[in-house]
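In what follows, chains are A, B, ... by sequence order, proteins preceding strands, each numbered from 1.
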Amino acid sequence: MLKISGINASYGKIQVLKNVSLEVEEGSIVTILGANGAGKTTTMKSISGLLKPNSGKIEFLGEDVTGLRPDQLLRKGVALVPEGRQILAGMTVLENLEMGAYHRKDHDIASDLNKMMERFPILKEREKQLGGTLSGGQQQMLAIARAIMSKPKLLLLDEPSMGLAPLVVADIFKIIKEINESGTTVLLVEQNARQALKVSHSGYVLETGKIVAEGKSDELLNDSRIIEAYLGRKSS
Amino acid sequence: MLIEQLINGLTLGSIYAIVALGFTLVFGVLGIINMAHGEIFMFGAFIGVMITSTLNAPLWVAFAGAIIITAIMGYMLERFALRPLRHKQGVSHLAPLISTIGVSILLENLSHHLFGAGNHPFRASFAEISFQIGSITVYLVQIVIFVISIVLMITLSFWLGKTKAGKALRATAENLETASLLGVDTKRTITMTVIIASAMGGIAGILVGMAFNSVTPQMGLSMGLKGLAIIILGGMGSVRGAMAGGLILGLAETFIVVYGDSGYRDAIAFLAIIIILLIRPQGLFGQKIST
Ligand SMILES: Nc1ncnc2c1ncn2[C@@H]1O[C@H](COP(=O)(O)OP(=O)(O)O)[C@@H](O)[C@H]1O
Ligand SMILES: [Mg+2]
């Protein structure tokens with residue numbers, strides 16, 4: 001579904017991504033692991049159109065989409081839940097969700113909004129509150145719900161569990177699984193490596209802008225190098 | 001007497017509010033003060049003078065003409081003075097501000113050429129019509145100005161609060177990247193915002209021309225500085241702040257002229273800023289475009 005071939009990306013003169021290639025198969029959950037500063041967010045920015053790669057190619061559903069703007073990619077079915085959630089703090093919860101459906105022209109928006117409120121009762125409860133007044137976990141739910149309102153084919157999630165309490169993290173991973181089971185392909189960036197690999201089908205490891213390992217999730221979970229660097233002992 | 005002054009103050013304040021809204025909208029989406037806004041406002045006033053006095057056309061034609069021309073000026077400003085500087089590596093973040101200062105100088109000089117340096121009267125056909133309610137005299141011009149301003153403010157608030165395009169503008173003002181991730185064509189939204197803000201400036205130009213029966217090439221600068229003062233007072237990028245700040249300044253100026261010394265009239269705006277900022281540095285209404 002998504003195929004990235006040899007992209008290089010940089011901020012000004014500082015090159016961050018070096019010849020990154022990866023593939024996401026339709027219907028799967030794929031995880032990108034990597035330490036802080038490895039280039040995970042930069043990868044997500046490149047895929048979603050926030051950052052134009054200097055070279056390389058990004059294909060989505062067989063079509064070359066390299067260099068398209070985020071709003072153009074959203075129309076093709078690529079939605080990003082950015083790092084730090086990026087809730088519209090000055091707009092209400094309902095308005096945030098409506099903005100998720102901004103590009104849609106069909107007539108199911110109202111019923112989809114209702115379904116979303118049923119799925120996330122806390123959002124219904126806080127419907128009229130400003131997005132900025134929600135807790136971190138609630139904001140993450142809102143960010144994910146907002147992205148789903150756009151009916152994406154591919155959902156990109158950049159560290160959705162960052163800064164959340166363990167119980168909430170478990171909830172988020174459950175939601176990710178559900179989203180995938182309902183037919184949406186997911187590309188996930190996580191530092192919570194063990195939990196991420198458990199829900200995903202395959203994974204990539206990024207180190208200082210390069211892919212250094214890739215494979216099926218269960219292989220990565222048992223790879224001694226990965227265990228050492230990203231999974232630690234039996235901690236999580 | 002008091003009520004008459006109150007009416008004068010509200011009339012003036014409602015015009016100030018419209019001017020300040022133009023500043024606040026552009027500041028909201030672009031994060032810069034549009035220093036050319038005052039001159040676009042002045043052009044609106046001159047177009048009004050041309051249409052009503054030179055062409056002898058009715059007032060609504062003047063409004064339509066001013067709206068169209070200032071909207072086009074807004075488009076040109078964004079297209080040729082602002083957009084080329086955006087997202088360019090190595091361009092200082094002050095560049096767009098300086099660029100609008102350049103445009104303002106250009107427009108002021110252009111207006112000297114086109115309209116001459118002098119003072120042009122603005123005769124509304126109903127300028128002399130007034131009503132007597134008890135001891136109070138209210139001019140029809142004042143009512144027209146106040147009603148147009150209020151309708152404009154209500155329409156803008158409704159548009160920002162309830163329509164899809166208005167929400168997209170607010171999202172863009174809050175976070176450009178997030179808005180674009182949600183499917184908003186932010187380039188188009190920015191262009192539309194500068195156009196709307198400029199057209200509002202054009203409308204305000206005619207209102208000021210009617211209120212003071214005078215239009216000059218310098219009026220852009222002084223109104224621009226007041227608009228700036230108001231959005232600092234109300235909170236940069238705040239729509240409610242611009243409205244409230246405009247009314248406060250209009251009332252304050254009117255009362256200082258009546259009960260104080262008219263020489264201080266233009267100092268009021270800046271005195272008010274200093275006082276407010278000492279007490280509330282974020283302005284009366286905090287930040288960002290909200291309704
Ligand atoms: N806007 C930016 N400007 C300059 N350098 C950046 C910017 N964003 C990230 N970087 C640098 O790029 C590298 C990769 O960052 P990032 O992709 O955010 O990593 P990760 O998401 O894996 O933590 C880091 O060294 C970071 O300092
Ligand atoms: Mg990151």
Side-chain angles (χ1 to χ4, degrees), chain A residues 10-14 41 44-45 47-52 68-92 94-105 109 130-132 139 142-143 145-152 155-158, chain B residues 24-25 27-29 31 83 86-93 157-193 234-242 282-283 285-291:
Chain A
S10 53
Y11 299 104
K13 288 195 174 65
I14 312 156
T41 296
M44 294 300 230
K45 282 188 175 176
I47 301 171
S48 61
L50 286 173
L51 185 71
K52 301 207 185 326
L68 290 189
R69 295 191 311 262
D71 56 296
Q72 295 170 319
L73 280 154
L74 187 84
R75 281 174 178 75
K76 297 203 179 289
V78 182
L80 169 69
V81 177
E83 187 175 76
R85 340 192 201 288
Q86 307 302 337
I87 287 305
L88 297 164
M91 295 175 79
T92 65
L94 180 63
E95 284 174 333
N96 267 278
L97 289 173
E98 286 171 350
M99 281 308 292
Y102 177 78
H103 75 105
R104 287 173 54 182
K105 300 211 159 54
I109 297 175
L130 293 184
Q139 289 197 5
L142 177 57
R146 183 175 70 182
I148 299 172
M149 281 303 296
S150 77
K151 290 202 159 172
L155 181 63
L156 310 171
L157 295 163
D158 194 348
Chain B
T24 239
L25 288 174
F27 182 83
V29 294
R83 193 184 299 171
R86 232 172 4 252
H87 310 305
K88 279 269 159 58
Q89 266 166 33
V91 170
S92 155
H93 67 285
S157 294
F158 176 83
W159 185 75
L160 286 172
K162 297 282 180 260
T163 68
K164 212 166 144 173
K167 286 176 197 170
L169 190 159
R170 282 159 60 210
T172 305
E174 192 166 327
N175 189 325
L176 193 97
E177 280 198 352
T178 304
S180 70
L181 285 172
L182 294 171
V184 177
D185 181 345
T186 51
K187 192 162 78 179
R188 212 172 62 191
T189 301
I190 289 171
T191 308
M192 183 185 67
T193 306
M236 308 282 279
S238 160
V239 166
R240 264 181 300 179
Q282 71 274 42
F285 285 81
Q287 279 164 12
K288 284 305 166 197
I289 291 184
S290 56
T291 47

Visitor: Would you please test E177(B) and Q86(A) for side chain to side chain contact (heavy atoms under 4.5 Å, CB included) and show each step?
Guide: CA-CA 9 Å; E177(B) 280 198 352; Q86(A) 307 302 337; over 6 Å; no
Visitor: Go through the atoms of A168(B) and report whether side chain, backbone, both or neither lie under 4.5 Å from a heavy atom of chain A.
Guide: both
Visitor: So which part of I87(A) gets closer than 4.5 Å to some heavy atom of chain B, the side chain, the backbone, both or neither?
Guide: backbone
Visitor: Applying side chain to side chain contact (heavy atoms under 4.5 Å, CB included) between D71(A) and each of T186(B), D185(B), L181(B), report the one that passes.
Guide: D185(B)
Visitor: Against chain B, label Q72(A) side chain, backbone, both or neither, depending on which of its atoms sit under 4.5 Å from a heavy atom there.
Guide: neither
Visitor: Just how far is it from atom CZ of R170(B) to atom CD of E95(A), taken to the nearest 0.5 Å?
Guide: 4.0 Å
Visitor: For atom CZ of R188(B), decide whether the heavy atoms of other residues, nucleotides or ligands shown that lie under 6.0 angstrom number more than 12.
Guide: no
Visitor: Who among H103(A), M99(A), M149(A) has the most heavy-atom pairs with chain B under 4.5 Å?
Guide: M99(A)
Visitor: Under a 4.5 Å heavy-atom cut-off, does chain A meet the side chain of S180(B), its backbone, both or neither?
Guide: both
Visitor: Quick check: closest heavy atoms across G100(A) and L182(B), and the distance to 0.1 Å?
Guide: CA-CD2, 4.1 Å
Visitor: Does any heavy atom of chain B fall under 4.5 Å from the side chain of A147(A), the backbone, both, or neither of them?
Guide: neither
Visitor: Say you draw a straight line from OG1 of T178(B) to CE of M91(A); how long is it, rounded to the nearest 0.5 Å?
Guide: 11.0 Å
Visitor: Please round to the nearest 0.5 Å and tell me the distance separating atom CD of E98(A) and atom NZ of K167(B).
Guide: 3.5 Å
